[in-house]
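Read the numbers this way: they start at 1 and go in the same order the structure lists the ligands and their atoms.
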Amino acid sequence: MTVTPLATTPPIESRLPQVGTTIFTLMSALAQEHGAVNLGQGFPDFDCDPALLTQVTDAMREGLNQYPAMAGVPQLRQRVADKIAALYGHPYDPATEITITAGATQAILTAVLACVHPGDEVIVLEPCYDSYAPNIELAGGRVVRVPLVPGTFRPDFARIQASLSARTRLLIINSPHNPSATVWTRAEMQQLADLLAPTNVLLISDEVYEHMVFDGAPHISAASIPILAARTFVVSSFGKTYHVTGWKVGYVAAPEALSTEFRKVHQFNVFTVNTPVQHGLARYMADAAPYLQLPAFYQRKRDLFRAGLARTRLRALPSQGSYFQLVDYSAVSELPETAFCEWLTREAGVAAIPLSVFYEGGYEQRLARLCFAKQDLTLNRALERLARL
Ligand SMILES: Cc1ncc(COP(=O)(O)O)c(C=O)c1O
């Protein structure tokens with residue numbers, strides 16, 4: 001008689017035991033359940049330029065549907081190098097220094113895996129994007145959390161300096177910043193360069209909102225400061241720039257020595273990224289107008305949104321860049337942030353994200369993040385509801 005083996009799944013020891021369902025998923029589900037206007041998750045509720053769709057579908061119809069070069073379609077890498085040279089003045093070689101990735105998320109993970117060894121320390125500035133810490137943990141690194149200055153969210157260089165050790169391998173920065181909507185000044189980027197110059201610390205500069213900087217201020221890319229460019233993985237995302245977050249295409253620009261190590265990991269991770277989308281993006285990028293006009297496009301939305309918020313009991317903090325707006329709700333409620341955002345979704349019909357989820361310890365400041373990458377109609381509907389608070 002044959003014995004049927006038991007169909008049980010062997011136990012698996014989690015590599016990321018602390019990670020559960022994210023607040024973004026939870027708030028989006030709650031928003032749907034209560035018919036709330038969803039200003040929680042950061043993506044546009046409007047479509048991209050139809051010309052971009054035409055370029056991508058043309059590429060598909062032309063048969064550009066097989067594996068491209070591992071580092072990305074050469075024409076797209078050339079466009080990215082040209083853009084960076086024109087805007088930030090640094091000449092990256094597209095053959096060896098630009099790699100097309102499956103969004104910024106993959107770019108950051110790959111950069112971390114490429115340079116962090118078990119036991120290395122990586123500094124992140126809190127509050128920060130939620131993928132950084134798990135990425136570092138997956139690489140066996142130790143996350144060193146340095147707070148941005150509470151209230152203003154500016155970098156605290158004394159604390160960054162004090163957190164450097166012989167084990168520090170990497171620092172991750174993000175400007176324009178999600179979630180605080182601050183933008184680093186040239187003086188701050190220069191101060192960072194002065195601080196890192198005597199060290200061997202590498203930098204990941206998450207610049208996915210590079211084309212969303214307001215009030216005439218420039219975006220100061222790490223690429224524009226030679227001391228930083230020489231040690232930095234500059235990361236950006238076509239998803240943010242062209243209103244196509246679901247396409248998941250981004251890029252990394254880094255000096256050859258860093259790009260070589262990056263590509264070793266990239267090759268055995270995603271290998272290559274969607275071919276027709278890359279060709280479509282390369283053709284679309286021939287015209288700089290869409291990204292050059294993006295600051296004005298989002299500034300108008302920001303101003304519309306802030307004018308409406310001024311008629312509510314929420315206090316809007318400055319929004320210098322990105323498509324986010326922090327609001328202080330202390331005049332409305334004493335609830336902690338997550339409870340407030342749940343209440344706001346259920347009772348007011350507007351979904352927001354608690355700022356505390358961007359901190360490891362869940363630091364409470366009575367602040368919530370709202371996303372204004374929405375149609376005017378959506379923003380106005382949310383504002384009507386917020387005015388009733
Ligand atoms: C700061 C920051 N970095 C990275 C990403 C991820 O970008 P992508 O969708 O290209 O992976 C996001 C998306 O929300 C973000 O806000």
Taking the six-membered ring for Trp, is the centroid-to-centroid distance between Phe297 and Phe46 below 6.0 Å?
-> yes

Given the side-chain rings of Phe214 and Tyr298, with only the six-membered ring counted for Trp, is the space between their centroids under 6.0 Å?
-> no

Could you check ligand 1 for N or O atoms lying under 3.5 Å from protein N or O atoms and list the pairs with distances?
from, atom 1, to, atom 2, distance (Å)
ligand 1, 3 (N), Asp206, OD1, 3.4
ligand 1, 3 (N), Asp206, OD2, 2.6
ligand 1, 9 (O), Lys248, NZ, 3.1
ligand 1, 10 (O), Ala104, N, 2.8
ligand 1, 10 (O), Ser237, OG, 2.7
ligand 1, 11 (O), Ala104, N, 3.1
ligand 1, 11 (O), Thr105, N, 2.9
ligand 1, 11 (O), Thr105, OG1, 2.6
ligand 1, 11 (O), Lys248, NZ, 2.6
ligand 1, 14 (O), Lys240, NZ, 2.7
ligand 1, 16 (O), Asn178, ND2, 2.8
ligand 1, 16 (O), Tyr209, OH, 2.6

For the pair Tyr363 and Tyr359, name the ring-plane relationship: parallel under 30°, tilted 30 to 60°, perpendicular over 60°.
-> perpendicular

Are Phe358 and His177 near enough that their ring centres are under 6.0 Å apart?
-> no

Lys264/Glu261 salt bridge by N-O under 4.0 Å criterion = yes

Name of the residue among Glu210, Glu207, Lys83 meeting side chain to side chain donor-acceptor pair (under 3.5 Å) with Tyr88 = Glu210

